[in-house]
Every structure is written in C-alpha cells, then in structure tokens.
4 protein chains.
Amino acid sequence: MPVPKPTLYPPFNIVRLSHVDYRVTDLAKSRAFYVDTLGLQVTDEDDSTIYLRAMEERGHHCITLIKADAPSVDVLGFKLYDEPDLDRAHDFFTSRDLPVEWIERPYQGRTLRTRDPWGIPLEFYVKMDRLPPIHQHYKLYNGVKPLRIDHFNMFSADVDASVGFYNDIGFRVTEYTEDDETGKCWAAWMHRKGGVHDVAFTNGTGPRLHHTAFWVPTPLNIIDLLDLMATTGWVANIERGPGRHGISNAFFLYVRDPDGHRIEIYCSDYQTVDPDLEPIRWSLTDPQRQTLWGAPAPRSWFEEGSLFDGATPQPSALKAQPIIAP
Amino acid sequence: MPVPKPTLYPPFNIVRLSHVDYRVTDLAKSRAFYVDTLGLQVTDEDDSTIYLRAMEERGHHCITLIKADAPSVDVLGFKLYDEPDLDRAHDFFTSRDLPVEWIERPYQGRTLRTRDPWGIPLEFYVKMDRLPPIHQHYKLYNGVKPLRIDHFNMFSADVDASVGFYNDIGFRVTEYTEDDETGKCWAAWMHRKGGVHDVAFTNGTGPRLHHTAFWVPTPLNIIDLLDLMATTGWVANIERGPGRHGISNAFFLYVRDPDGHRIEIYCSDYQTVDPDLEPIRWSLTDPQRQTLWGAPAPRSWFEEGSLFDGATPQPSALKAQPIIAP
Amino acid sequence: MPVPKPTLYPPFNIVRLSHVDYRVTDLAKSRAFYVDTLGLQVTDEDDSTIYLRAMEERGHHCITLIKADAPSVDVLGFKLYDEPDLDRAHDFFTSRDLPVEWIERPYQGRTLRTRDPWGIPLEFYVKMDRLPPIHQHYKLYNGVKPLRIDHFNMFSADVDASVGFYNDIGFRVTEYTEDDETGKCWAAWMHRKGGVHDVAFTNGTGPRLHHTAFWVPTPLNIIDLLDLMATTGWVANIERGPGRHGISNAFFLYVRDPDGHRIEIYCSDYQTVDPDLEPIRWSLTDPQRQTLWGAPAPRSWFEEGSLFDGATPQPSALKAQPIIAP
Amino acid sequence: MPVPKPTLYPPFNIVRLSHVDYRVTDLAKSRAFYVDTLGLQVTDEDDSTIYLRAMEERGHHCITLIKADAPSVDVLGFKLYDEPDLDRAHDFFTSRDLPVEWIERPYQGRTLRTRDPWGIPLEFYVKMDRLPPIHQHYKLYNGVKPLRIDHFNMFSADVDASVGFYNDIGFRVTEYTEDDETGKCWAAWMHRKGGVHDVAFTNGTGPRLHHTAFWVPTPLNIIDLLDLMATTGWVANIERGPGRHGISNAFFLYVRDPDGHRIEIYCSDYQTVDPDLEPIRWSLTDPQRQTLWGAPAPRSWFEEGSLFDGATPQPSALKAQPIIAP
Ligand SMILES: [Ca+2]
Ligand SMILES: [Fe+2]
Ligand SMILES: [Fe+2]
Ligand SMILES: [Fe+2]
Ligand SMILES: [Fe+2]
C-alpha cells in the first residue's frame with residue numbers, strides 16, 4: 001500500500017504526544033532509573049504513583065509510574081488544541097465504533113479515554129496543569145539531561161492499517177520502510193508536532209509499545225548516560241546503540257527500565273512542518289535503514305515490547321525479516 | 001501593554017518563515033561568505049542572483065542574494081499551509097488597507113506580495129519547488145553546518161504595535177521584554193512553527209531587519225565557525241558571541257556579511273507547540289536577559305540594521321536604554 | 001631577548017606542576033565554589049583546610065584551601081621524578097643563594113621549600129599519597145568535570161629574566177609574545193609535562209599569581225559551567241570568555257573564586273614532548289594573540305592577581321600596552 | 001607474571017612513537033581513505049609513496065603509504081631525545097643480539113633500523129624535517145580532524161615477554177589485562193609520552209600490527225567520521241564502535257583501510273607522566289574491559305592484523321578466550 005495522502009484538515013486537532021503511564025513492579029527501582037539515572041524531575045509522588053517531567057516541559061508530567069503487580073502500559077496521552085477538539089474527537093471515535101469515556105485524571109482538565117481499532121488505550125485532553133519553567137535551572141540538570149518527551153513507537157500486526165487510521169486523525173508520514181516483495185509497509189514514522197514523529201509503527205506482534213523516546217540536546221549527553229549507566233550498575237540495561245538511524249537521521253540509544261520498558265534517548269532529527277513534505281521511502285533490505293553506520297540491532301530489539309492494558313497482541317501476517325545481529 | 005491573547009484561529013495559516021532576499025554589492029564576496037564560510041548550498045545561480053538552501057531544507061531556497069548598487073532587504077518570505085490561505089491572506093491585507101499584489105517568482109507557485117503596516121515587504125506562497133533531501137549527504141556539510149533558516153529579527157519603532165499586528169495573523173508570543181517604567185514592550189519573540197520564534201521585534205529605529213538566523217546542530221559547530229572565520233580573513237565580521245541568550249535559552253553567535261547584513265547562528269531553544277504556552281516576561285534591566293552569562297552586547301548590535309526596500313525607518317518613541325558594552 | 005635554547009639536561013628533573021595552596025577568607029564559600037560549582041573532589045577537610053583533587057588525578061590533592069584573614073597564595077608545588085632529584089634541587093637553589101628548607105607536609109614525602117629569585121614560594125617533592133582512581137566513577141562527575149590541574153600563570157616584572165631562570169631548571173618555551181619595539185618578552189609559556197605549559201609569565205607588577213588552570217574534556221563542559229554559574233548566583237564571578245586563545249590554541253574561560261583568586265578552565269591545547277619543538281612567536285600588537293576570535297580581555301584581567309606570601313610585587317619596567325576592552 | 005617495575009633510567013631515551021610505513025596495493029584508494037576521508041594532510045607524494053601528517057604535528061610525517069603488491073607494515077618509527085641516545089640504542093640492540101643498521105631515510109636524520117626479539121621492524125631517529133604549524137589553519141581541518149598519531153597496538157604470542165622487553169627500554173605499563181587462571185598477561189598498555197600508551201600488546205598470533213591510532217579532539221569528531229564514511233561508500237570499512245574502552249577510558253572507533261590495515265580513532269584518555277603511576281589491572285573475564293558499555297568486539301577484531309615485513313607470526317601459547325560478539 002502506498003503512503004496515504006496527508007489529512008490536511010483532520011477531524012480534530014492533535015498538538016503532540018503528551019505522556020505515557022507505565023505500570024511498574026518496584027517503584028523505588030523505577031525511581032532510581034528514571035530520576036537518578038535519566039534525570040527526569042519528580043513533580044509529584046506518593047506510595048503508589050510518581051509523576052515526572054523533562055527539563056523544558058511546562059505540563060505537569062510526561063511519564064507516570066504506577067505501582068502494579070506486573071509491568072504494562074496503562075495509556076498513551078495526547079494534547080489537543082482547543083476544547084471543541086475534544087468533542088470532535090469524541091464524535092470521531094464514536095463514529096468508528098470505538099469505546100469512548102469521559103474520565104477524571106489528576107492534573108488534567110476534561111479527558112477523553114478511548115482506544116484505537118487494535119485496542120491501544122489512548123487519552124486526549126486540552127488542559128494539563130502548567131508548572132513554572134525550569135529549563136534555565138541548570139543546577140537541576142542531571143543524567144542524560146532529558147528535555148522533552150519526543151515520540152511513541154508501537155508494534156503493529158498490520159502497519160498499513162495503523163498508518164491509515166492515524167493518517168485519518170491527522171498524523172503525517174515522514175519516512176517509511178517498504179517490503180519490496182509485497183509492497184507492504186514494514187514501518188512508518190508519523191508526526192503532528194513538526195519533528196520526524198510523534199508516533200511510529202513497526203511490523204510485529206501487536207499492539208505492543210516498542211518504546212518511548214526522550215529528546216536530549218546533543219550526542220554527548222547520550223555518551224554521558226552510557227558512562228553513567230555502565231558504572232552504576234545499569235550496564236545490562238543498555239540494549240542498543242549509540243548510533244545514527246538511517247531513518248530520521250537521529251542519534252539514538254535504547255535502554256531498558258527495571259521492568260523492561262524500553263526508553264530511547266534521541267536527538268538530531270529534522271523539522272517537518274511543511275504540509276507538502278515528501279515522505280522518504282526505505283527498502284526493508286537496506287542495512288543502513290536501521291543504523292546508518294551499518295551495525296544491526298539485537299534480536300531483543302525486534303521481539304520484545306510492553307503490553308498495553310486490555311489489548312491482546314496478534315501476530316503479524318507480514319513475515320519479511322529485517323537484518324538482526326547474529 | 002500586556003501581551004495579547006494568542007489568536008488561536010488566525011485569518012490565514014502561516015506555516016513558518018521561509019526565505020529572505022538580500023541585495024548585496026559584490027556577489028563573489030557574498031558567495032565566499034555564505035557558501036564557503038557558512039556552508040550554505042547553492043541551488044541555482046547566475047550573474048545577478050544566487051539561491052541558497054541549508055542542509056535539511058527541501059524547499060528550493062532560504063536566501064536569495066541579488067546583485068545591487070546598495071545593500072538592502074528586498075522581501076521576507078513566509079510559507080502558507082494551503083492554497084485557500086493565500087486568498088484569505090489577500091483578503092486580510094486588503095481589509096487592512098495594505099498593498100497587495102499577485103506576483104511571479106522563480107521556483108514558487110502563486111505568490112502574494114504585500115507589506116505590514118510599517119512597510120516591511122512580505123511575501124506569502126504555498127508551493128516552492130522541492131529538492132531531493134541532502135541531509136544525509138555528509139560530504140556536503142561544511143562551515144557551520146547550517147540546518148535550516150530559523151527566524152527574522154526586526155527593529156520596530158513601536159514593538160507593542162508590531163506584536164499586535166503579528167499576533168492578529170497568528171504569531172504567538174513566547175518571550176518578551178518589558179520596560180518596567182512605561183509597561184511597554186521593549187522586545188518580543190513570536191512563533192508559528194513551534195520554536196521560540198519565526199519573527200522577533202526589538203525597539204529601535206524601524207522598520208529595519210536586525211538579523212536572519214540559522215539553526216545549527218550544537219554549540220561546537222558555532223565554535224568551529226569562529227575558528228574558521230578567525231583564520232580566513234573574516235575576524236572583523238564576528239560581532240557578538242558566542243553566548244547563551246537569557247531569552248530563548250539559545251546558544252548564539254552574530255556575524256556580519258560583507259555588506260553588513262547580520263546573520264545569527266543559533267541552536268538549543270525549546271519546543272513551543274502548546275497553544276497555552278505561557279509567555280516568559282523579562283525586565284529590560286535584567287542583565288541576563290541578553291546574555292545569560294552576563295556579557296553585554298556591543299553598541300553596533302543595538303544600532304545597526306538592514307534597510308527594507310521601500311520602507312522609511314522612524315525613530316522609536318520608547319527611549320529606555322538596554323545595557324551596552326562600555 | 002630571544003628565547004633561550006632549551007636545557008635538555010636540567011640540574012634536576014621536574015615532572016609537572018602539582019598543586020597550589022590558596023589562603024581564603026571563608027572556607028564554606030570557597031567550598032561552594034570549588035566543590036559544588038567547579039566539581040573538584042574533597043579528599044580531606046577539617047575546620048581550617050580543604051584538600052581537593054580533580055577527576056583523573058591519583059595524587060592526594062591539587063589545591064589546598066586554607067582558612068586565613070586575607071587571601072593569598074601560600075605556595076606552588078611541583079612533582080620531581082626521583083629522590084635524587086630532590087637533593088639536586090636543594091643544591092641548585094643553594095648555589096643560586098636562594099632560601100632552602102626541608103619541611104613536613106601532610107600527604108607528601110620529603111619536601112623542599114624554596115623561592116625563585118623574585119620570591120615566588122615553591123615546593124618540590126617526589127612522593128604524594130596516591131589515591132584509588134575515580135576517573136571511571138561517572139556518578140561523581142559534576143560542575144565543569146575538571147580532569148586535572150594544567151598550569152600556573154604568573155605576573156612577572158621581568159619576563160625575560162623569569163624565562164631565563166625557569167629555562168635553566170628545564171622548562172621549555174612553547175610560545176611567547178614579543179614587544180616589537182624593545183624586542184623584550186611580554187609573555188611566555190613553558191612546559192615540563194608535554195602540553196603547552198606548566199608555567200607561564202605575563203608582564204606586569206610581579207610576582208603575583210595570575211591564575212591556576214584546570215583541564216576539562218571539551219568546550220561543552222565550559223558552556224555547562226557558564227550556564228550553571230549564571231543561574232546559581234555566580235554570574236559576577238565570570239570574568240572573561242569563553243573563547244579560543246591564539247596562543248596555545250586552547251579553548252578557555254576565566255572565573256574568579258570568592259576571594260578573587262582567578263581560575264582558568266582550559267582544553268584543547270597540543271602535545272609538545274618533542275625537545276626540538278619550535279617556539280611560536282606572537283607580536284604584542286596581534287589582536288588574535290589573546291583571543292583568536294578577536295574579542296579583547298577586560299581591564300581586570302590585565303591588572304588583578306593574587307599575592308604570594310612573603311613576596312613583594314614590583315612594577316614592570318616594560319610599559320608596552322596590550323589591547324584592552326574599552 | 002606481575003607487571004615489572006618501570007625502568008626509570010632506560011638505556012636510551014625514547015620520546016614517543018613517530019610514524020608507521022604501510023605497504024598498500026592501490027595508492028589512489030588509500031589516498032581517498034587517509035586524505036579525503038580521515039583528513040590527514042599530504043606533505044609529499046609521488047607515484048610510489050605518499051607522506052602524511054596530522055593537524056598539530058610539526059614533524060614531516062606520521063604515516064607513509066608505499067605502493068606494493070601486497071599489504072604489510074614496513075616499519076614502526078620512534079623519535080629519540082638526543083643524538084647520543086641513538087648510539088646508546090645501537091649498543092642496546094647489539095647487546096641483545098638483534099640486527100642493527102644505520103640507514104638513509106628521506107626527511108630524517110641519522111636513523112637506526114633494528115627489530116625487537118620477535119622480529120617487529122623498528123626504526124629510531126632524533127631529527128625529522130620540521131614543518132610550519134598548521135593547527136590554526138582551520139580551513140584545512142577535514143574528515144575526523146586528526147590531531148596526532150597516538151599509539152601502535154600489536155598482537156604478541158607472548159605478551160609477558162613483550163612487556164618485559166619494552167619495559168627494559170623505558171616504556172611504562174599503565175593498564176593491563178590478566179588471565180585469572182594462569183596469571184599471565186593477556187594484554188598491556190605502555191607509554192613514553194605521557195598518555196595511556198605509545199605501544200600496546202594483545203595476546204594472539206604475533207607479531208602482527210593490530211592497529212595504529214590517531215588522536216582527535218572530541219567524540220563528536222568520531223560521530224562526524226561515521227556519518228561521512230556511512231554515506232560515501234565506506235560503510236563496510238567500519239569495524240567496531242563507537243564506544244568507550246574500559247581500559248584507558250578512551251572513546252574509540254575502529255575502521256579498516258582499503259587493504260585492511262586497521263586504524264583507531266581515539267580521544268579522552270588521561271595523563272600518565274607520574275613515574276609512580278599505579279598500573280590498573282583488569283581481569284580477562286571483565287566484560288567492561290573492552291567496552292565500558294558492555295558491547296563485545298566482533299571476531300575480526302580479535303583475529304585480523306597486518307603482517308610486518310620479514311617477521312613470521314607464531315601462535316600464542318595462551319589460549320584464554322576474550323568475549324567475542326556472537
Ligand atoms: Ca585532616
Ligand atoms: Fe524511536
Ligand atoms: Fe535571533
Ligand atoms: Fe592559562
Ligand atoms: Fe588502541
């Protein structure tokens with residue numbers, strides 16, 4: 001399937017990805033990872049929940065860690081532009097026979113909880129409590145100096161279908177990988193906020209969350225994190241990288257949190273605000289697609305992901321194989 | 001005057017700043033500056049004109065250099081979202097009794113030429129010829145490795161009025177400087193594309209163009225440019241920096257082209273896509289406003305600027321003085 | 001006076017500069033500066049003294065802070081190669097009619113205390129307590145991430161004479177500034193350990209200590225320190241920079257401690273181990289000598305320095321004027 | 001065998017490693033690699049030979065490329081301190097029954113050619129033609145911006161014996177890897193010039209040259225080289241990295257030249273001038289020894305090396321296995 005034409009006038013206006021709620025089994029260990037190692041800032045916490053923001057964010061949180069018996073992903077959150085967009089979103093999901101619910105959420109205004117057609121739990125809101133800026137409180141910068149949440153990457157059992165749905169609600173494809181034999185999409189990167197992506201989909205047993213990414217200033221911050229993790233007991237949590245993606249041209253590192261949730265540290269992609277930006281096509285057999293410098297990703301990177309609450313992953317029909325490290 | 005409420009539904013949709021046309025007196029010298037020193041890429045040239053783009057841009061050009069008897073600025077260009085936006089822009093400027101004209105421009109589709117209320121020449125278009133990506137052609141990276149045009153900064157004789165007009169057409173204030181005594185705006189930064197600004201206004205004899213800025217990957221690229229300029233005959237063209245702006249938090253350098261047009265090299269500001277982003281207020285007397293690290297700007301930086309064709313600068317009524325280097 | 005031929009077989013073997021003892025008036029304030037801001041590591045402390053080392057050093061200390069009524073410099077320390085070198089140093093200083101004394105020093109073996117001909121207090125030792133490496137304890141890296149002490153810079157009332165004396169004891173000139181009119185040395189950089197310098201001399205009322213420098217990994221660490229100092233109450237202690245020296249080619253920043261002792265943060269000079277390395281000559285009138293990028297240093301940088309205990313500064317006979325910021 | 005005591009007063013004074021002569025099969029291809037890609041500067045060339053230097057070097061060359069039918073290493077060159085050292089070196093190698101010869105070499109003064117006990121061809125000289133500095137000719141900086149040759153790494157069939165011999169001629173061990181079972185050295189790093197090493201030895205079929213390393217300013221230069229090689233046809237020549245070595249703490253990348261000669265790009269090690277510097281011991285089974293961040297090296301990195309002219313490699317008796325990437 002070719003990449004669909006962008007939806008220039010979507011049914012409701014999504015500004016950007018906003019936050020993810022992770023269920024984690026040991027709140028103290030997760031705090032050691034996200035706060036003491038990555039450098040995210042605690043904005044609220046109690047015995048069951050920790051709210052975190054990155055250094056340039058003014059919204060109350062971009063990650064919520066929730067104590068649970070088993071790790072999973074509770075919801076992916078997105079910020080809408082204006083109050084009427086919430087009602088339009090409600091109508092859109094209703095018209096697609098998808099579950100909708102108005103819920104109460106701490107620190108957020110009116111919130112719509114729904115799911116995409118494959119069961120990924122989504123929530124939309126317009127207002128989240130705003131906090132005073134800390135981006136010039138340099139004493140607080142720590143770990144990898146995370147600036148902001150950047151994107152979600154999800155396994156999808158049918159990437160073409162996922163692209164179609166998210167394209168309908170205004171996400172625009174910037175780059176994609178095609179399986180030369182079948183002409184099907186192996187993976188796609190789609191944005192709202194003007195970078196390479198807010199969401200991406202990769203072929204595999206899905207839906208599952210592949211990773212959440214954070215933006216950092218420069219590749220040197222990623223090297224600093226590697227040095228820190230390597231010498232503070234986290235070396236086994238370094239999964240892949242550092243490297244340059246062919247796709248997106250970003251400099252990356254993948255690490256795993258104590259429950260295996262995968263976090264990407266990311267910088268250096270490019271501006272995509274032009275509505276006529278041409279999507280870049282990559283062949284699945286191009287070894288520089290994953291890593292411009294040629295190194296293949298490890299098997300775990302292709303196979304492991306976080307479960308979404310209430311969604312049952314299905315195997316993908318597309319069996320094309322990417323290049324895996326031997 | 002307080003900062004006005006943002007116009008969430010502007011009369012037409014500006015995507016981003018796009019390009020500037022500079023009149024220059026010696027095309028070869030300007031080419032040596034912009035191409036051989038800054039590292040911009042030539043996309044077309046003949047005896048009278050040079051078109052340039054930065055490394056991640058796919059539009060045909062972000063600067064046009066036009067041979068002329070005296071230096072000036074011919075026009076500031078902006079990209080609109082969709083064809084109907086062009087007609088709505090035509091209607092808007094007509095309704096404000098501002099001059100409108102449909103013109104032919106090489107490499108651009110339908111183009112509207114107009115002026116703001118103080119005579120700044122503006123042009124709007126939707127389509128510009130798109131070129132193949134070169135952002136992964138690393139052999140071409142050179143000089144400061146400019147990635148994209150970032151913003152225009154203009155002298156205004158009445159910043160409050162300028163802010164009002166540009167706010168009406170959808171630019172949103174991210175930061176501003178207030179004169180504590182009069183409560184008037186000394187300077188303001190306003191964006192469309194999700195960074196700290198596409199346009200900024202500074203109190204002074206205006207309208208004049210203060211500078212055009214380019215985005216680069218990291219502060220080290222700016223240090224590389226300083227080393228290069230310092231050892232290839234351009235040391236006198238280094239005007240201010242490197243430094244960190246208090247406002248915008250960006251890392252900056254100001255250099256002057258052979259005709260005195262001021263170019264800023266810029267990186268590290270922050271994401272501003274949230275429509276409810278709170279503008280940050282600075283006092284004119286805060287010495288860290290200009291440079292977080294405390295060093296004042298030189299007198300030339302406050303006084304010199306490029307003339308716009310067909311616009312006669314007027315002195316500003318606001319006489320508050322910023323901090324100038326002794 | 002031309003630069004003297006290097007002394008290939010000096011009377012005793014100095015390995016490198018080692019440490020400086022600063023008298024400071026408020027130990028807590030100095031700790032906040034050197035430990036909390038610069039990131040040096042405390043290796044011992046009590047009510048009157050703090051010992052510090054940098055991240056890659058294995059010797060016990062590179063700075064000692066000593067509580068005192070007035071700020072001054074107690075001594076500059078140098079490490080010798082082997083025990084017989086200590087005795088040879090004793091003989092050399094005795095032969096020059098300079099005061100010699102064997103003293104007890106905490107954490108050091110046999111220590112010779114003496115003075116250069118202008119009264120600068122010097123001490124030489126071979127053994128200092130060695131500490132376990134911490135250069136891979138990345139959790140400890142902080143502030144500017146100082147790696148090691150790099151050099152001392154001193155005001156001298158007769159630079160030619162200072163160069164002559166230090167050349168006799170094996171320091172080799174790498175770069176120097178000459179006053180074109182008189183042919184006299186305005187400044188000189190001299191090394192033992194294979195970098196641009198262990199000691200430097202600058203024309204002025206002397207002897208006084210101009211600054212002590214620390215080596216850091218990259219210019220980005222210096223930018224991090226500027227951001228940190230600018231936002232934690234130390235902005236007035238930023239004196240000059242960042243910039244690139246013409247001389248030494250190093251990237252630099254000068255800051256002042258709470259008592260005015262000047263600290264340079266420094267990186268990027270070059271290797272000088274070749275005994276036939278040709279000294280590089282600079283003219284005093286070359287504006288790129290001080291700062292390759294052209295910015296002049298402030299007046300304080302030329303005039304202010306720390307007193308050495310027991311040495312009375314004399315004005316310099318050489319009245320040539322460097323380029324000072326207006 | 002424990003690491004031997006350093007030889008504080010060696011039989012002759014080696015200043016540093018100086019140069020390597022590589023035989024290469026296609027001079028144009030090698031030029032494309034070393035000059036156009038790595039950024040080394042040509043100081044002389046004809047149809048059969050190319051001489052290269054790095055950016056801060058003043059000696060005439062650090063690599064010579066010699067056209068040949070098969071790739072090999074002609075000689076490793078070292079600079080001595082003073083003319084008498086050459087005669088003392090002659091006497092030392094004679095006393096060990098090793099071959100000595102005074103030879104003529106372009107751009108070098110009196111030159112002694114000899115071999116170590118396992119046949120590695122060595123040459124020693126005091127004077128090489130000195131060239132004007134280019135380290136501030138920033139227009140010439142290119143590729144990875146190589147500053148200077150840093151070290152040689154060699155396969156040895158008996159590392160303990162190699163360490164013993166090179167220790168006798170003044171090289172001092174800074175770090176080493178021990179096989180816990182046998183107590184034998186698996187690898188060792190030894191210096192003369194004050195960094196972690198001028199020469200290193202690794203257990204394996206030897207003697208063979210494992211790699212020659214170049215020093216660069218920062219990790220970002222290494223990332224620039226990766227991007228350049230990946231997009232100019234050299235992606236298959238990227239062998240290992242980027243990464244941080246546990247040993248030496250350096251940031252590294254290994255690439256292969258068109259004939260398979262291995263080049264390391266290297267930065268960030270530490271100063272080792274203290275004669276009482278304690279060697280750091282690593283266990284062969286420590287996975288962070290090779291790469292602090294945990295990633296194992298590929299099999300080629302352990303098995304492939306360049307032959308020395310006139311030396312026949314022998315298998316190593318020590319069969320302990322390092323950790324190889326699956
Ligand atoms: Ca004590
Ligand atoms: Fe990602
Ligand atoms: Fe600007
Ligand atoms: Fe200095
Ligand atoms: Fe190496």
Side-chain angles (χ1 to χ4, degrees), chain B residues 37 144 216-256 265 267-270 280 282 286-301 323-326, chain C residues 37 144 216-256 265 267-270 280 282 286-301 323-326:
Chain B
T37 306
V144 77
V216 294
T218 79
L220 289 183
N221 301 102
I222 289 179
I223 293 167
D224 285 344
L225 179 64
L226 282 155
D227 290 333
L228 181 65
M229 290 184 66
T231 55
T232 53
W234 296 102
V235 70
N237 295 56
I238 300 169
E239 185 182 31
R240 177 188 172 199
R244 168 95 56 209
H245 287 305
I247 291 170
S248 82
N249 201 41
F251 192 84
F252 69 84
L253 172 72
Y254 294 94
V255 295
R256 306 292 288 269
I265 313 297
C267 65
S268 312
D269 74 0
Y270 55 89
I280 297 177
W282 295 80
D286 184 340
Q288 294 190 269
R289 180 184 74 85
Q290 293 171 17
T291 310
L292 191 68
W293 309 334
R299 182 167 297 276
S300 64
W301 196 85
I323 300 151
I324 297 171
Chain C
T37 306
V144 78
V216 294
T218 79
L220 289 182
N221 300 103
I222 289 179
I223 293 168
D224 286 345
L225 179 64
L226 282 156
D227 290 333
L228 180 65
M229 290 184 66
T231 55
T232 52
W234 295 103
V235 70
N237 295 57
I238 299 170
E239 185 182 33
R240 177 188 172 199
R244 166 94 58 206
H245 286 303
I247 290 169
S248 82
N249 200 41
F251 192 84
F252 69 84
L253 172 72
Y254 295 93
V255 296
R256 306 293 289 268
I265 313 298
C267 64
S268 312
D269 74 0
Y270 55 89
I280 296 177
W282 295 80
D286 183 340
Q288 294 190 270
R289 182 184 73 85
Q290 293 170 16
T291 311
L292 191 69
W293 309 335
R299 180 167 298 276
S300 65
W301 196 85
I323 300 151
I324 297 170

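Only this structure's heavy atoms are used, side chains among them; waters, hydrogens and symmetry mates stay out.
- Looking only at side-chain heavy atoms (C-beta outward), B/Cys267 and B/Pro219 come within less than 4.5 Å of each other.
- Only the side chain of C/Ile238 comes within contact range of chain B, judged by heavy atoms closer than 4.5 Å.
- Across C/Leu220, C/Val235, C/Leu226, the residue that shares the most heavy-atom pairs under 4.5 angstrom with chain B is C/Leu226.
- Judged by distance alone, with hydrogens and angles left aside, the side-chain atoms of B/Asp224 form no donor-acceptor pair with the main-chain N or O of B/Val144 at under 3.5 Å.
- With rounding to the nearest 0.5 Å, the separation of CD1 in C/Ile222 from CD1 in B/Ile223 is 8.5 Å.
- C/Pro242 places a side-chain heavy atom less than 4.5 Å from the side chain of B/Pro242.
- Of all residues in residues 244-253 of chain B, those placing a non-hydrogen atom less than 4.5 angstrom from a non-hydrogen atom of chain C are B/Arg244, B/Phe251.
- In this structure, OG1 on C/Thr232 lies 7.0 Å from CE on C/Met229, to the nearest 0.5 angstrom.
- Note that C/Arg289 lies outside the cation-pi zone of C/Trp282, set by a 6.0 Å cut-off to the ring centre and a 45° limit from the axis.
- At a threshold of 4.5 Å between non-hydrogen side-chain atoms, the residues B/Asp227 and C/Trp293 count as touching.
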